[in-house]
2 protein chains.
Amino acid sequence: MAKKQKKAFREFLESQNLRLTREREAIIEHVLRKHGHFDPEELHFELKGNGAKVSRASIYRTIPLLVNAGIIEKVENTDKHAHYELILGRKHHDHMLCTRCGKVIEFYSEGLERLQDRLCKAEGFKGNSHTLEIKGLCSRCNR
Amino acid sequence: MAKKQKKAFREFLESQNLRLTREREAIIEHVLRKHGHFDPEELHFELKGNGAKVSRASIYRTIPLLVNAGIIEKVENTDKHAHYELILGRKHHDHMLCTRCGKVIEFYSEGLERLQDRLCKAEGFKGNSHTLEIKGLCSRCNR
DNA sequence: AAGCTTATTGAGATTGAATCTCAGTCTAAG
DNA sequence: CTTAGACTGAGATTCAATCTCAATAAGCTT
Ligand SMILES: [Mn+2]
Ligand SMILES: [Mn+2]
Ligand SMILES: [Zn+2]
Ligand SMILES: [Zn+2]
């Protein structure tokens, strides 16, 4: 199954005079197989396990490329290191984070998106991405 | 001028069996004098300039206390280090960040707050804080 | 005011994520 | 096939943040 994300990456690299190397290919393929949020070290560990030989440096160098290509996005940190998730081909969503058990709830609200557009317009601001994180207790933890 | 924030800090410390030291006092007083967002190193530098002798370690140790006391809050990072702002005694607000010039626009929307409450309720989630950051171009940068 | 318990401090060491260096390697265009 | 120059990996480096621990000081108690 030819992935549209790989195509997008290839085209992005081409547009920047960058090259699609074995390492970058291994990284994006691994990212596409993942579900949920991930971090660079996790990626490095798993890729080694897979037999792929990709250095930590290449992981850290490739992540910003995937971000700039619009394929992944940084998810703000509960932890102290960066977390990412696949976005190209997925529906946009925001997050609720349970501060007790760590559960992550993904949600989407059309009304929320429209309201943000209106608020931007009121400031003459041209928004082109946003992050909304709500912290609190999930349904299981809050009784 | 007696600051309600200092009172809150004193009470918080007391409730935790912690002590109000010269260093902690110098730090909160400096924070109360600041406008806008700040980071720990900036605080350290400015306090030294003021003649106060407060170590970097004490800055980093006091910040989480101020956060737990509800006096300051972390503002998510454009940079790679943490930024904070005073919240106790100020109206809650969210941020728009201009990715070109770095301008920070603070805004508040009652409707946005209510909508978030509704979304939390729909998930059985008890939200108790949130961060909304909209990235894009400010009115000056977007023409 | 003096004594005492224990939280706190500062200087410097340490951690850990992220970035950089650079000689050897590989991609992709011609 | 050749070649220019992008890319890689190992290890060094940076930098924010945290930790260590002996010396201090906060704030009770008498
Ligand atoms: Mn997500
Ligand atoms: Mn603010
Ligand atoms: Zn939970
Ligand atoms: Zn701007």
Side-chain angles (χ1 to χ4, degrees), chain A residues 6-7 9-30 37-69 72-84, chain B residues 6-7 9-30 37-69 72-84:
Chain A
K6 277 191 71 171
K7 180 153 171 286
F9 192 35
R10 220 177 295 122
E11 289 172 358
F12 170 80
L13 291 173
E14 204 163 340
S15 78
Q16 306 283 319
N17 277 312
L18 302 177
R19 294 167 183 175
L20 179 57
T21 62
R22 312 181 172 303
E23 290 80 4
R24 288 177 181 163
E25 200 164 8
I27 292 169
I28 190 178
E29 280 179 354
H30 186 72
H37 300 178
F38 60 87
D39 67 64
E41 294 297 326
E42 181 185 332
L43 230 54
H44 183 229
F45 180 77
E46 293 171 352
L47 277 163
K48 272 194 309 195
N50 265 15
K53 57 153 202 20
V54 179
S55 71
R56 179 179 279 95
S58 286
I59 303 272
Y60 279 105
R61 282 189 286 233
T62 300
I63 284 175
L65 299 178
L66 291 170
V67 171
N68 290 334
I72 66 175
E73 194 172 79
K74 186 185 271 186
V75 182
E76 289 311 333
N77 358 15
T78 313
D79 255 331
K80 71 186 47 183
H81 53 282
H83 288 227
Y84 298 85
Chain B
K6 275 191 73 172
K7 180 153 172 286
F9 192 34
R10 219 176 295 121
E11 290 173 357
F12 169 79
L13 291 173
E14 204 163 339
S15 77
Q16 306 285 320
N17 278 310
L18 302 177
R19 294 166 184 178
L20 179 57
T21 62
R22 314 182 169 302
E23 291 81 3
R24 287 175 182 164
E25 201 164 6
I27 292 169
I28 189 177
E29 281 179 353
H30 187 73
H37 300 178
F38 60 86
D39 66 65
E41 294 297 327
E42 181 186 333
L43 231 54
H44 182 229
F45 179 77
E46 294 171 352
L47 277 164
K48 272 194 309 194
N50 266 15
K53 56 153 204 13
V54 180
S55 71
R56 179 178 280 95
S58 286
I59 303 271
Y60 279 104
R61 283 189 286 233
T62 300
I63 285 175
L65 299 178
L66 292 171
V67 171
N68 290 334
I72 65 175
E73 193 172 80
K74 186 185 269 185
V75 182
E76 289 311 334
N77 358 16
T78 312
D79 255 330
K80 72 186 47 183
H81 53 283
H83 287 228
Y84 299 85

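Within a 6.0 Å sphere centred on CD of B:Glu41, heavy atoms belonging to other residues, nucleotides or ligands number more than 12. In the displayed structure, B:Glu14 atom CD is contacted under 6.0 Å by at most 12 heavy atoms of other residues, nucleotides or ligands.
Note that the CD1 atom of A:Ile59 and the CD atom of A:Glu46 stand 9.5 Å from one another [nearest 0.5 Å].
A sub-4.0 Å separation between OP1 or OP2 of C:dT9 and a side-chain N or O of B:Thr21 is present. Dashed line: the shortest gap from a side-chain N or O of A:Tyr60 to OP1 or OP2 of C:dA18 is under 4.0 Å. At the phosphate of C:dT9, OP1 or OP2 sits under 4.0 Å from a side-chain N or O atom of B:Arg24. Between B:Arg22 and D:dT24, a side-chain N or O to OP1/OP2 separation shorter than 4.0 Å is absent.
Annotation: of the two residues near DNA chain D, A:Leu13 and B:Pro40, the 5′-most nearest-nucleotide partner is A:Leu13. Of the residues near DNA chain C, B:Lys80 and B:Val54, the one whose nearest nucleotide (by heavy atom distance) lies more toward the 5' end is B:Val54.
Proximity note for B:Ala82 (side chain, C-beta onward) versus D:dA17, C:dT27, C:dT5: the nearest is D:dA17. Across C:dG10, D:dG9, C:dT8, the shortest atom-to-atom separation from the side chain of B:Ser55 is found for C:dG10. If you check D:dA6, C:dA11, D:dG27 against the side chain of B:Ala57, the one that comes closest is C:dA11. You'll find that the side chain of B:Ser58 is closest to C:dT9, out of D:dG27, D:dA6, C:dT9.
To the nearest angstrom, C1' of C:dT19 lies 13 Å from CD1 of A:Ile63. Note: CG (B:Leu20) to C1' (D:dA25) measures 12 Å, nearest angstrom. Atom CZ in A:Arg56 sits about 12 Å away from atom P in C:dG16, given to the nearest Å. Rounding to whole angstrom units, CZ of residue A:Arg61 and P of D:dG9 are separated by 7 Å. The separation between B:His81 atom NE2 and C:dT15 atom C1' is 19 Å, rounded to whole Å. Rounded to an integer number of Å, the gap from CZ of B:Phe45 to P of D:dA16 is 14 Å. A:Gln16 places its CD atom 18 Å from the P atom of D:dG5, with the value rounded to the nearest Å. As a whole-Å value, the separation of B:Glu25 CD from D:dA25 P is 15 Å.
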Inset, instruction - Kindly indicate, with the supporting measurements, whether the criterion side chain to side chain contact (heavy atoms under 4.5 Å, CB included) is fulfilled by A:Thr62 and A:Glu23. - result: CA-CA 9 Å; A:Thr62 300; A:Glu23 290 80 4; 6.0 Å; no
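Comment: B:Glu29 engages B:Lys6 in a salt bridge, judged by a side-chain N to carboxylate O separation of less than 4.0 angstrom.
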